[in-house]
Novice: 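Sharing a structure with you now.
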Amino acid sequence: MRNVLLFSLLLTVVLTITSPPSVLASGSFGEEADNNACNPFTLQKVTVAPVTYSFTGICNLVHTRLAVPVKVPYTAIGTYDPATGKTTEDINVPAPAINEPSRPYGRFSSSMHCATDPWRDGQGNCNEVAVSVNPPGSAWPPNDFGNYARTVISVLTQHSRDHGRPLTAYLEDAQRKSVDEQYQAAALTAAAALEAKRKAEQGALDAQRKSQLAVQGKQSLGVYLALIYPSVVTPAAAQVAVAQSPLSIKLTPPKGWKVTTYTINIQRRDASGPWVNHTSIAVNAAVAESAAGYVGFGGGAPPAFLMLPGHWRLNAEASSPKKSGVSDWVEFTAQSFTRRGRH
């Protein structure tokens, strides 16, 4: 109860009270109806990354000139870094709005180094305390109240340095237990969120790796299949064929493959020299692998199925039920032949 009474007095000082000393609260939070008494502050939220305590409360103040009671909400934020021990506290009672009568307000900020979390550990003290009050004592007019304001601010800052603890860390055992319970709950929530994030990131990484392996697998399969292709039995390389006549195109499948359809690609040499695409023909495997081979090209309908005199080449690939690589080009020549009659 002594600590709570102390905080009630100190927080009243922080607010840069504009009432005379005789109306200061003398009891603990919520036990006195006197002006300038602040109700017990309530812990609203705890986070653990970083460790942050958010408090709210109500102060029973009076308007400066009218002496009319007014309830003013205040906030307090405390932080603690377990890695460095840095501790901060910010207590703020907002200034009155421009359309409100003047009343006490103020902001007290402090920073210090604490070996343990002062809100959860009621025994440890802090050092390297630095405090500030806004508005400062020099902001008050040079009259009796101004002198009082400067005096109480000096008392407050000196008390913070002497006692080395955040003001909201002065807690009764029951309050500290409640703070610790909320901290533990927040820690569990944060740990669960961190684990969920880790799993999500791991899932995304696994999916990325799976996708990469699938691409690599397809690339490897593509390289492998490129090395597997059917063989062109006829026409033979450098064969001389009869122009405008059926050409036997006979194929054998890759070893171990059951092919249902082949694609035969045919090119002709242009008069200027380069090879140009002539046609691609889908051929039933049973026909292409037969003794006669496929004979639909050469003497068929122009232009795709007609073979005129010149230089030609073709290759083949399995197209179903799965695609193979493409065989090497086989070059041949088509010539016109004139049958000689008897004399």
Novice: How about V179 and L171: do any of their side-chain heavy atoms sit closer than 4.5 Å?
Specialist: yes
Novice: Checking side-chain polar atoms at under 3.5 Å, does Y262 have a donor or acceptor matched by the opposite partner on E289?
Specialist: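 E289 and Y262 do have a side-chain donor-acceptor pair below 3.5 Å.
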Novice: Between E195 (side chain) and A192 (backbone), is there a donor-acceptor pair under 3.5 Å?
Specialist: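 Not a single qualifying donor-acceptor pair exists.
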Novice: Roughly how far apart are M112 CE and E89 CD, rounded to 0.5 Å?
Specialist: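 So the CE of M112 and the CD of E89 are separated by 6.5 Å.
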Novice: Ignoring hydrogens and angles, tell me if any N or O in the side chain of S319 forms a donor-acceptor pair with the backbone of T261 under 3.5 Å.
Specialist: yes
Novice: Between T52 and T47 (side chain of the first, backbone of the second, donor and acceptor by atom type, cut-off under 3.5 Å), is there such a pair?
Specialist: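 No, T52 side chain to T47 backbone: no donor-acceptor pair under 3.5 Å.
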Novice: Closest approach of V232 and S327, non-hydrogen atoms and distance?
Specialist: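 Taking V232 first and S327 second, the nearest heavy atoms are CG2-OG, 3.8 Å.
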Novice: Are R313 and F332 in a cation-pi setup, meaning NZ or CZ lies under 6.0 angstrom from the ring centre and within 45 degrees of the ring axis?
Specialist: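 No, R313 does not lie over the aromatic ring of F332.
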Novice: How many angstroms lie between CD in Q239 and CG in L247, if you round to the nearest 0.5 Å?
Specialist: 6.5 Å
Novice: Counting C-beta onward and ignoring hydrogens, is there a side-chain heavy-atom pair between V51 and D117 closer than 4.5 Å?
Specialist: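 Of all side-chain heavy-atom pairs linking D117 with V51, at least one is under 4.5 Å.
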Novice: Is it true that T88 and T79 share a donor-acceptor pair across their side chains at a distance under 3.5 Å?
Specialist: yes
Novice: How close do R165 and D121 get, heavy atom to heavy atom, and via which atoms?
Specialist: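 Taking R165 first and D121 second, the nearest heavy atoms are NH2-O, 3.2 Å.
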Novice: Could you check whether any side-chain N or O of S178 sits under 3.5 Å from a backbone N or O of E181, counting only pairs where one atom can act as donor and the other as acceptor?
Specialist: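 No, the answer is negative, given that no donor and acceptor are paired below the 3.5 Å cut-off.
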Novice: Flag the pair W312 / F297 as yes when their ring centroid distance falls below 6.0 Å, and as no otherwise.
Specialist: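 Distance test on ring centres: under 6.0 Å, yes.
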Novice: Verify whether one side chain among T260 and S320 offers a donor that lies under 3.5 Å from an acceptor in the other.
Specialist: yes
Novice: To the nearest 0.5 Å, what is the distance between CG (L43) and OH (Y183)?
Specialist: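 Separation between the atoms: 13.0 Å.
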Novice: Give a yes or no on whether the backbone of W119 and the side-chain of R176 come within a donor-acceptor separation of less than 3.5 Å.
Specialist: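 Pair found, side chain donor or acceptor close to backbone of W119.
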Novice: Would you please indicate if the ring centroids of H311 and W275 are separated by under 6.0 Å?
Specialist: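 No - the distance between ring centres of H311 and W275 does not fall below the 6.0 Å cut-off.
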Novice: Do the side chains of L306 and I266 join up, straight or via other hydrophobic residues, at under 4.5 Å, putting them in one cluster?
Specialist: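 In one cluster with L306: I266, no.
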Novice: Please report the shortest heavy-atom distance between P118 and Y80, naming the atom on each side.
Specialist: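 That closest heavy-atom pairing would be CD-CD1, 4.1 Å.
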Novice: May I ask you to test the Q267-H278 pair for a side-chain heavy-atom distance under 4.5 Å?
Specialist: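 No, their side chains stay 4.5 Å or more apart.
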Novice: Main chain of Y229, side chain of S324: is a donor-acceptor contact present, judged purely on distance under 3.5 Å?
Specialist: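 Such a contact is absent between S324 side chain and Y229 backbone.
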Novice: Quick one: does E100's side chain have a donor or acceptor within less than 3.5 Å of a partner on A97's backbone?
Specialist: yes
Novice: Could you tell me whether the side chain of I281 reaches within less than 4.5 Å of the side chain of T263, counting heavy atoms only?
Specialist: no
Novice: Below 4.5 Å, heavy atoms only, C-beta onward: do V330 and N315 meet side chain to side chain?
Specialist: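 No, their side chains stay 4.5 Å or more apart.
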Novice: Identify the heavy atoms of A190 and V48 that sit nearest to each other, and give their distance.
Specialist: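 The pair with the smallest heavy-atom distance is CB-CG2, 3.2 Å.
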Novice: Can you check whether V233's main-chain N or O pairs, donor with acceptor, with S231's side chain at less than 3.5 Å?
Specialist: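 Pair absent, no side-chain N/O of S231 close to backbone of V233.
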Novice: Drop me the distance from S245's OG to Q335's CD, to the nearest 0.5 angstrom.
Specialist: 12.5 Å
Novice: So which atom in V259 and which in P321 form the shortest heavy-atom distance, rounded to 0.1 Å?
Specialist: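 That would be CA-CD, 4.2 Å.
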Novice: Between the side chains of N92 and T75, is a donor N or O closer than 3.5 angstrom to an acceptor N or O?
Specialist: no
Novice: Return yes if some donor-acceptor pair links the side-chain N/O of S109 with the main-chain N/O of D90 below 3.5 Å, else return no.
Specialist: no
Novice: Using a distance-only test with no angle check, is there a side-chain donor-acceptor pair under 3.5 angstrom linking T56 and Q44?
Specialist: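 Judged by distance alone, the side chains do pair up.
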Novice: Is any side-chain heavy atom of W257 less than 4.5 Å from a side-chain heavy atom of K322?
Specialist: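 Yes - at least one pair of side-chain heavy atoms lies under 4.5 Å apart.
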Novice: Working to the nearest 0.5 Å, report the span between CG of D81 and OG1 of T87.
Specialist: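 Nearest 0.5 Å value for the CG-OG1 distance: 8.5 Å.
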Novice: Say whether I77 and V131 are linked into one hydrophobic cluster, either directly or through other cluster members, by side-chain heavy-atom distances under 4.5 angstrom.
Specialist: no
Novice: Are R268 and V276 close enough that some pair of their side-chain heavy atoms sits under 4.5 Å apart?
Specialist: yes
Novice: Between F108 and V72, is there a shared hydrophobic cluster once you connect ILVMFWY residues whose side-chain heavy atoms come closer than 4.5 Å?
Specialist: yes
Novice: Which atom names give the shortest non-hydrogen contact between T234 and S248, and what distance separates them?
Specialist: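 Looking at all heavy atoms of both residues, the closest pair is OG1-O, 3.0 Å.
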Novice: What do the steps show when you test Q202 against K197 for side chain to side chain contact (heavy atoms under 4.5 Å, CB included), and what is the final call?
Specialist: CA-CA 8 Å; Q202 185 63 47; K197 181 181 178 182; over 6 Å; no
Novice: Do L314 and V295 land in one hydrophobic cluster if side-chain heavy atoms of ILVMFWY residues count as linked below 4.5 Å?
Specialist: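 No: no chain of side-chain contacts under 4.5 Å links L314 to V295.
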Novice: Give a yes or no answer on whether the side chain of N277 reaches the backbone of T279 with a donor-acceptor pair at less than 3.5 Å.
Specialist: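 Not at all, since once roles are kept as given, no pair shorter than 3.5 Å links the two residues.
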Novice: Can you tell me how far apart SG (C114) and CG (N125) are? Round to the nearest 0.5 Å.
Specialist: 8.5 Å
